[in-house]
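When reading the values below, keep in mind they use all heavy atoms of this one structure, side chains included, and skip hydrogens, waters and symmetry mates. A, B, ... follow the sequence lines: proteins, then strands. Residue 1 opens every chain. Keep in mind it's a predicted model, so treat the numbers as computed, not measured.
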Amino acid sequence: MPLRKTEGIVLSTRAFSESSKILTLFTREYGKVAILVKGGRKGTKKFPGGLETLNCVDLQYYHKGGREIQNFKSFDLVEPYLTIRGDLVRTYTALSLVETVLRTTIAEDKNEQLFDNLVMTLGALDVQDQRPWAIRWKCLLEICGSLGFGLQLMDCANCSGAGPMIGFDLASGGFICEREALKQNGVIAASGEVWGILRYLEKCPPESAVRVATQPRTGRKIEQLFLQYFRYHIPSLNHFESWKKLPEIYWGEEKEN
Amino acid sequence: MSGIPPTLQTLADQLAKLPGIGKKSAQRMAIHILKQSTDQANLLAQAILDVKAKLQLCSSCFNISEGERCAICSDTRRDQQMICVVEQATDILPLEKSQAFSGLYHVLGGVLAPLDRQNESDLHIEELVHRIRRDQVREVIIATNPTSEGETTALLVAQRLKPTGVKVTRIARGVPVGSELEFADEATLTRALQGRGEL
């Protein structure tokens, strides 16, 4: 059985039998893989405690074609992102991105761009203590791009005009400026402010994402836009559990007016 | 087809549903029960029925209990102003075995794991806040597991307890007794150094 070595981010863990666990990782070399770690729930010398969700590890496992779950050999902890874990808002943000990758990728589909984006984003969340939502949106834009449905943020998706933008077309992934288009199916209201923020995030380096200031109302709109856009492209995604609480965590409970 | 009588097979199938019991072990256990006396088999059957009929969750701490309040909550010799928060009732057993804690417990009933659809509303956090206010609790020790989910839950519980003004502490995390530093990972060592104590 060939031994594979790769770097990976732990996306999820689940208990298996008395003391084992099954990890799902997104790896640089082989995409998403599931690994059975026998005895992995015991705190022993062999499994000292780095096999946890969000951790970046150097992994070695035995690969056998046709098997859904591979067998673990060993690992070295590369980055535990301890600062993220000490902050509830950043933990929720990181978990939401990890869940996005978990639910939108298929097994053993290599995507180095997506892996690098995830590592870079977790690194940014680990050092930046403000506006985690902006880091999240920047990451989601990159995820859309690397999964093949990147947003078109240059000009109006219908007439190539420069705006002002009033809607977002789920099918083309672009903003539109014509009022008439809002009556079409698959077009949702989205202001020029939303467009401006996403346009800035698309071009800025990851460390500059936190410069984005936004009102809670606009923030909620952007969250809603991403949710609908992901669901449009991946209809089987009927839930993103970790996304649900985010608007409340970021901006508090929504006040009706 | 297997040559095993259906009644025995039914028992083996039921035993195989228990955690850590495979099909072969379940068959061996079923045959063992068959070989036992009728009295022994009745005792086993009755014990299983009693577990379902007589046990309930403690109305105060959600531990497993024979009555409305568990033995720990009913024990007036224990420190009533100190609460140790655990994930599951089974986590109480090793803590009690250590004899290092003499206060009360509060069982959350799980951990915050949004990826597994386990959210705040599934945990007994509101009841904990109510208990702290009602019983004038002095200190809450959060003893959730040092896993990713356990740490997130600890942060959430601490956040929810902030308005009560109670002292909230977290069990120390670090190098296990009897192990060697050489085999400890970076995260464990960082936590061990952060939580170091004066000698």
Side-chain angles (χ1 to χ4, degrees), chain A residues 10-21 23-24 40-57 75-92 94-103 239-246 248-249, chain B residues 16-22 25 87-88 90 94 110-122 125 142 144-162 170 173-195:
Chain A
V10 182
L11 302 179
S12 77
T13 69
R14 65 175 199 269
F16 180 76
S17 75
E18 283 291 277
S19 61
S20 303
K21 63 180 172 184
L23 307 179
T24 306
R41 285 159 68 203
K42 291 181 189 167
T44 62
K45 281 181 188 175
K46 199 176 170 192
F47 310 114
L51 295 169
E52 290 297 325
T53 310
L54 294 183
N55 280 357
C56 184
V57 295
F75 83 102
D76 283 312
L77 189 62
V78 175
E79 180 55 65
Y81 302 112
L82 290 179
T83 318
I84 293 179
R85 291 171 195 284
D87 181 316
L88 195 61
V89 179
R90 282 190 266 180
T91 301
Y92 261 102
L95 284 176
S96 75
L97 295 171
V98 154
E99 186 188 7
T100 308
V101 174
L102 181 73
R103 300 210 193 279
H239 58 82
F240 262 137
E241 288 300 323
S242 60
W243 285 38
K244 280 184 188 167
K245 276 264 170 190
L246 284 175
E248 191 190 322
I249 287 170
Chain B
K17 289 177 185 171
L18 297 172
I21 307 293
S25 298
E87 291 175 14
Q88 305 287 352
T90 47
V111 279
L112 198 63
L115 271 60
D116 297 325
R117 299 192 199 184
Q118 184 135 21
N119 293 304
E120 189 183 344
S121 56
D122 302 315
I125 298 177
I142 303 177
T144 51
N145 289 322
T147 58
S148 184
E149 292 81 5
E151 297 286 6
T152 312
T153 309
L155 286 173
L156 180 78
V157 172
Q159 193 192 67
R160 294 291 181 259
L161 297 187
K162 216 169 187 179
R170 177 92 171 101
R173 290 147 291 175
V175 187
V177 176
S179 70
E180 293 165 37
L181 289 185
E182 188 189 341
F183 296 105
D185 64 89
E186 186 191 320
T188 307
L189 281 174
T190 304
R191 291 257 157 85
L193 284 166
Q194 284 169 348

### Message
Just by distance, no angles: are the side chains of T144(B) and R170(B) close enough, under 3.5 Å, to form a donor-acceptor pair?
### Response
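The answer is yes; a qualifying pair exists.
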### Task
Could you grab the distance from atom CD of E120(B) to atom OG1 of T153(B), nearest 0.5 Å is fine?
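Nearest 0.5 Å value for the CD-OG1 distance: 10.0 Å.
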### Task
Could you tell me the separation between the NZ atom of K21(A) and the CG atom of L51(A), rounded to the nearest 0.5 Å?
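Going from the NZ atom of K21(A) to the CG atom of L51(A) covers 5.5 Å.
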Give, as side chain, backbone, both or neither, the part of [X] having an atom under 4.5 angstrom from any heavy atom of chain B.
X: D87(A); answer: backbone
X: K245(A); answer: side chain
X: T91(A); answer: side chain
X: L102(A); answer: side chain
X: Y92(A); answer: side chain
X: V78(A); answer: backbone

### Query
Among T147(B), T190(B), N145(B), which residue forms the greatest number of heavy-atom pairs with chain A at distances under 4.5 Å?
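Going by pairs under 4.5 Å, I would pick T147(B).
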#### Entry: Heavy-atom pairs under 4.5 Å with chain A, option from E149(B), E182(B), R191(B) with the top count
R191(B)
### T188(B) side chain vs G174(B) backbone, donor-acceptor pair below 3.5 Å
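Not confirmed, T188(B) side chain does not pair with G174(B) backbone.
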#### Entry: Validation row: I249(A), L88(A) side chains within 4.5 angstrom (heavy atoms)
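Not touching, per the 4.5 Å side-chain cut-off.
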### Message
So L181(B) and L189(B), do their side chains get closer than 4.5 Å, heavy atoms only?
### Response
yes
### Query
Salt bridge or not for R85(A) and E52(A), using N-O below 4.0 Å?
no
### Task
May I ask you to decide whether E241(A) forms a salt bridge with R103(A), counting only side-chain N to carboxylate O separations under 4.0 Å?
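Salt bridge absent between E241(A) and R103(A).
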[X] versus chain A, the contacting section by heavy-atom distance below 4.5 Å:
X: N119(B); value: side chain
X: L112(B); value: side chain
X: Q118(B); value: neither

